[in-house]
Amino acid sequence: MDRLILIKYGELTTKKANRHFFIKMLEKNILNVLKNYQVKIIKDRVRMYIEVDNKDVDEVVTSLTKVFGIHGIVICYRVNTNIEEIEKSVLEIVKKEQFHTFKVETKRADKTFPIHTMDFNNQIGSLILKNIDCKVDVHHPDMLLRIEIRSEGTFIYTNEIRGAGGYPVGIQGKGMLMLSGGIDSPVAGYLALKRGVDLECMYFESPPHTSENAKNKVKELANLLNRYSGNIVMHVVPFTKIQEAIYQNVPSSYMITIMRRMMYRICAKYAQKRNCQILINGESIGQVASQTINSMVVINEVTNMPVIRPVACLDKLEIIDLSKKIETYETSILPYEDCCTIFLPKHPVINPILDKCLEYEKRIDYQPLIDQCIEHIETIKDLNSNDYQDLL
Ligand code: ATP
Ligand code: MG
């Protein structure tokens, strides 16, 4: 009796025209997250079987629960389509389960199998009742035993593990995520990945005002997000000169607005260079002065690139719940400073005026500074390192 992992696509299968592309992308992503294991994938229109070494099954299933595009994961057993062998295996399988009530559901895809579906359900049901102290409940069984009889073999399985849902990462092109060390932006990244958007991350640092620890914290957040992707790289932008120029030339109430306009300019320019079609960030309407609708309009004015804000309409508590679910919360709340907070004015403007921004920006010869920033971006490809351990 072989143990196999069965993957169900769910939502994917409704997108008929793109199905082939979706499944290919999903297969590529699965192979990517399982690159350290010996796996073989067998796929058809509605499902995929993954063969792995028996000892790796549990770890592989854990990794698969983070792959978007998978809606259900089932550990199933494949036996030869032979009545004695099926019966023997069913008993072995159900003896490992804890249940009081059960139901058998047979699917007879191989019509040459001599027993009809209902009769086989009854036959297997009686076998279980004879050997285990339990009852049949066809409406709300504790355990649903499924038997799929196919020409290539018979597949037997019980409970289904819920998959991550969404679409395979990559089917929607690529976005540049503005990733800070906070709670919101990793959640924004997760939600974008879930809809199939591939991500690169951009982090603005201002040494010596921000530390190496702050950067390592963001790197760890990118690493945690990468469990849902496998393709993430992080670009670190040296932002000190621009921030200092803003500090010296702009009235304090407008410092954050101008700083964010500069971030958007750099992000949009570099995103194009990296073939990212959209910008993504963790802004949430009304959360702080720079995230009022009026602020967003004035900040967004510097680029035509679409800016997607996946958490725009969520409350902070809802965002926190998600960050706990995706296990970024504990890292996000580590106390390392961000470049947004170090020059934080006491009274940032809530309703900035565009003309004023343009006037203040004229005081800074920012174009060469932006070009310099972009020229000196450091790209980190290997996110998985021990730097994070030093922060704890
Ligand atoms: P977060 O929003 O991630 O919890 P935060 O609330 O401290 O952190 P804000 O000041 O609200 O961050 O910034 C709003 C958004 O701007 C962030 O979600 C992030 O997308 C982006 N951002 C802020 N600071 C940085 C930075 N240093 N590098 C990259 N992106 C940043
Ligand atoms: Mg925020």
Evaluate the side-chain proximity of [Y] to [X]: yes if any heavy-atom separation is below 4.5 Å, no if none is.
X	Y	value
V298	E301	no
M305	Q272	yes
Q123	I86	no
T101	C134	no
Q172	R195	no
S323	S332	no
V311	E318	no
I83	E87	yes

**Report entry** Steps toward side-chain contact (heavy atoms from CB on, under 4.5 Å) verdict (I242, I266)
**Finding:** CA-CA 11 Å; I242 294 189; I266 293 168; 3.9 Å; yes
ILVMFWY cluster, [X] and [Y] together (side-chain gap under 4.5 Å):
X	Y	answer
V33	V74	no
V57	L6	no
L4	Y77	no
I256	Y360	yes
L354	M296	no

Is [X] atom [atom1] crowded by more than 12 heavy atoms from other residues, nucleotides or ligands, each under 6.0 Å away?
X	atom1	value
K273	NZ	no
K174	NZ	yes
N54	CG	yes
Q367	CD	yes
K96	NZ	yes
I350	CD1	no

[Y] backbone acceptor or donor facing [X] side chain under 3.5 Å:
X	Y	answer
Q291	S284	yes
Y254	I353	yes
S185	S180	yes
K217	L334	yes
S253	H347	no
D137	H140	yes
Y167	G69	no

So, taking the atom named [atom1] in [X] and the one named [atom2] in [Y], what distance separates them when rounded to the nearest 0.5 Å?
X	Y	atom1	atom2	answer
I50	I7	CD1	CD1	4.0 Å
C276	D198	SG	CG	8.5 Å
R78	D2	CZ	CG	4.5 Å
H71	E160	NE2	CD	11.0 Å
H116	K111	NE2	NZ	9.0 Å
I128	I124	CD1	CD1	7.0 Å

Query raised in the report: Does the side-chain contact (heavy atoms from CB on, under 4.5 Å) test come out yes or no for C357 and I258, once each step is laid out?
Result: CA-CA 7 Å; C357 293; I258 304 293; 3.8 Å; yes
Please determine, by modelled atom types, if [X] and [Y] share a side-chain donor-acceptor pair under 3.5 angstrom.
X	Y	result
T158	E97	yes
D110	S151	no
N281	R260	no

[X] to [Y] - nearest heavy-atom pair and separation:
X	Y	result
I364	A245	CG2-CB, 3.9 Å
A289	S295	O-OG, 2.7 Å
L179	Y203	O-CD1, 3.5 Å
P208	T240	CD-CG2, 4.5 Å
M143	N159	CA-OD1, 4.4 Å
P251	R363	CD-NH1, 3.8 Å

Report task. Pick out which of L225, L177, N223 makes a side-chain contact (heavy atoms from CB on, under 4.5 Å) with I232. Result ->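 Exactly one option meets the side-chain contact (heavy atoms from CB on, under 4.5 Å) with I232, and it is L225.
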Query raised in the report: Between K194 and F68, is NZ or CZ placed under 6.0 angstrom from the six-membered ring centre and within 45° of the ring axis?
Result: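 Negative - K194 is either too far from the ring of F68 or too far off its axis.
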Query - Test log, rule side-chain contact (heavy atoms from CB on, under 4.5 Å), inputs Y329 and I320 - result: CA-CA 7 Å; Y329 181 74; I320 288 174; 3.6 Å; yes
**Report entry** Step-by-step side-chain contact (heavy atoms from CB on, under 4.5 Å) determination, F239 to T210
**Finding:** CA-CA 10 Å; F239 199 48; T210 61; over 6 Å; no
Query raised in the report: Which is it for F120 and F113 under the ring pair (Phe, Tyr, Trp, His ring centres under 6.0 Å) test, yes or no, and what are the steps along the way?
Result: CA-CA 10 Å; F120 200 60; F113 187 71; 5.2 Å; yes
Report task. Determine the interplanar angle of the Y49 and F155 rings, folded into 0 to 90°, and report it as parallel if under 30°, tilted if 30 to 60°, perpendicular if over 60°. Result -> parallel
Query - Carboxylate-amine/guanidinium contact R146 E148, below 4.0 Å - result: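 Between E148 and R146 there is no salt bridge, as every charged N stays at least 4.0 Å from the carboxylate O atoms.
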